[in-house]
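Remarks on the structure that follows.
Lettering follows sequence order; numbering is per chain, from 1. Only this structure's heavy atoms are used, side chains among them; waters, hydrogens and symmetry mates stay out.
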There are 2 protein chains.
Amino acid sequence: MQKQQLLTKNQKIIFDIIEKSPEPLKAYTILFNVQKKGIKAPLQVYRALDKLVEIGKIHKIESRNAFIACHNSSCQVAKATAFSICEICEKVTEISSAGLSKYLANFKDKDGMKYSKYNLEFFGLCKKCR
Amino acid sequence: MQKQQLLTKNQKIIFDIIEKSPEPLKAYTILFNVQKKGIKAPLQVYRALDKLVEIGKIHKIESRNAFIACHNSSCQVAKATAFSICEICEKVTEISSAGLSKYLANFKDKDGMKYSKYNLEFFGLCKKCR
DNA sequence: AGTAAATTGTTATAATATAACACTATGTAA
DNA sequence: TTACATAGTGTTATATTATAACAATTTACT
C-alpha cells in the first residue's frame, strides 16, 4: 500500500478515476473526465497510463483498448494477467486463480521455452447476459 | 482446404500477403503492399481482415495490432488462440498445445463459469534473442 | 429473371497513440 | 549547496489504427 504514495500528481488523478470506475476506461474517456483537473492533452494521460501499467496498478485490456485497476493484491507487476470479458455488456473481471496462474507460469512451449509474462482474455457471456 | 476457394478477390489478396509473411502484418502495411493490386482504401483491408479473422484463417495479435495466418490446422474458427511473442525481435509464434487448449477450454472461474473463447499472449525472449 | 445477402468502392472522419522539444521537480552524491 | 542524473510535465503537432455512411456490384439461390 506504500506504492500509492509514490504516484505523482497526474498518475494519481488518472489512477483514481480508473479505480473508481466499475468498467474499463478508454484513454480518451479518461481525458475528457480529467480536463477539469488540468490535464489537457492525450500525452499526459498516456504517460500516466504507461507508468501505472508498468508498476502494475492498472492493466490494459488489449482487445478493448481500455484500462482497469488491478484487483489482485498479489499482482504488483503487470506480468501475469487474466480477464473474463462479457461479449454483450462488456463487463470485465480480473481472474485470480492460483491454479490458472500456476499452470501458465509453468507452461513450456514445444521448444521447452518458458515465458516470464502473459496476458489471457476469456470471452463469453456473463451471468446477467445469458 | 476447401475454405481457400470461398475467399473473395480482396480476401484472397489480403490473405496471401499475410500467409507469405514471416511476421505479423499491420493493416496499413498490408494496405501499402496491395495498392498495386487495386486495393486503395483502409476499409477494403479491414473488411477482408474482419472476415478472415471471423472464419479463422488469420488471427489478430491484440497487443501488437497485427495479423498472422493461422498455422494450426485444427483451428477453423478463431475461438481459442495462444501465441508467444518475443519482446526484442517481435517474432510471433502460434502455440498449439493440446494440454494448454484443453486446460483453458475447461477452465472455470470462481463462479463456475466456462468460457467459449479465449486469447492468450505469452511474452518473453526467443531463442535467438537471449 | 428475381431477390436476398454479402461484398465492393469511395469519401470522409473518428479513435487511438506517439514524436519532439523545452521545461520542472526530485533524489542523490560530491 | 551545488552539481548531476532521472523522472515527470506541458505543449503542439502528427502518426497510426479503425469505422461511418452510402451507392454500386456481385453472388448464390429460387
[X] side chain, from C-beta outward: closest of [options]:
X       : options                : answer
A:Lys40 : C:dT16, D:dT11, D:dT17 : D:dT11
B:Lys51 : C:dG9, C:dT7, C:dA17   : C:dT7
B:Leu43 : D:dT12, C:dT10, C:dT8  : C:dT10
A:Lys26 : C:dT16, C:dT8, D:dT17  : C:dT16
A:Tyr46 : D:dA18, C:dT8, C:dA17  : C:dA17
A:Pro42 : D:dT9, C:dT16, C:dT18  : C:dT18

List the steps and the verdict of side-chain contact (heavy atoms from CB on, under 4.5 Å) for B:Ile85 and B:Ser63.
CA-CA 10 Å; B:Ile85 302 171; B:Ser63 66; 3.7 Å; yes
Side-chain heavy-atom pair A:Phe122, B:Leu104 within 4.5 angstrom cut-off:
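Yes, their side chains come closer than 4.5 Å.
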Quick one, B:Phe107 and A:Ile95 - any side-chain contact, counting heavy atoms below 4.5 Å?
yes
Can you measure [X] atom [atom1] to [N] atom [atom2] for me and round it to whole angstrom units?
X       : N      : atom1 : atom2 : result
B:Lys60 : D:dT19 : NZ    : C1'   : 12 Å
A:Leu7  : C:dT26 : CG    : P     : 14 Å
A:Lys37 : D:dT9  : NZ    : C1'   : 18 Å
A:Leu6  : D:dA7  : CG    : C1'   : 13 Å
A:Asp50 : C:dT16 : CG    : P     : 15 Å
B:Leu31 : D:dT19 : CG    : P     : 15 Å
A:Leu49 : C:dA15 : CG    : P     : 18 Å

Strictly below 4.0 Å: does A:Thr8 bring a side-chain N or O up to OP1 or OP2 of D:dA7?
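No.
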Whether B:Lys9 contacts D:dT27 is assessed here as follows: a side-chain N or O lying under 4.0 Å from the phosphate OP1 or OP2. Is that the case?
no
When you match A:Asn65 and B:Asn10 each to their closest nucleotide on DNA chain C, which lands nearer the 5' end?
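In this pair, the answer is B:Asn10.
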Taking the nucleotide of DNA chain C with the nearest heavy atom to each, does B:Ile39 or A:Arg64 sit closer to the 5' end?
B:Ile39
Between B:Thr29 and A:Arg47, who's closer to the 5' end of DNA chain D by nearest nucleotide?
A:Arg47
Here's a test of your reading of the structure: between A:Tyr28 and A:Gln44, which maps to the more 5' nucleotide of DNA chain D?
A:Gln44
Taking all atoms of both residues into account, what is the closest heavy-atom pair of B:His59 and B:Phe83, and its distance?
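Shortest heavy-atom separation between B:His59 and B:Phe83 comes out as CB-CZ, 3.5 Å.
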One thing to verify: whether A:Glu87 and B:Lys117 come together as a salt bridge, which I'm taking to mean a side-chain N less than 4.0 angstrom from a carboxylate O.
yes
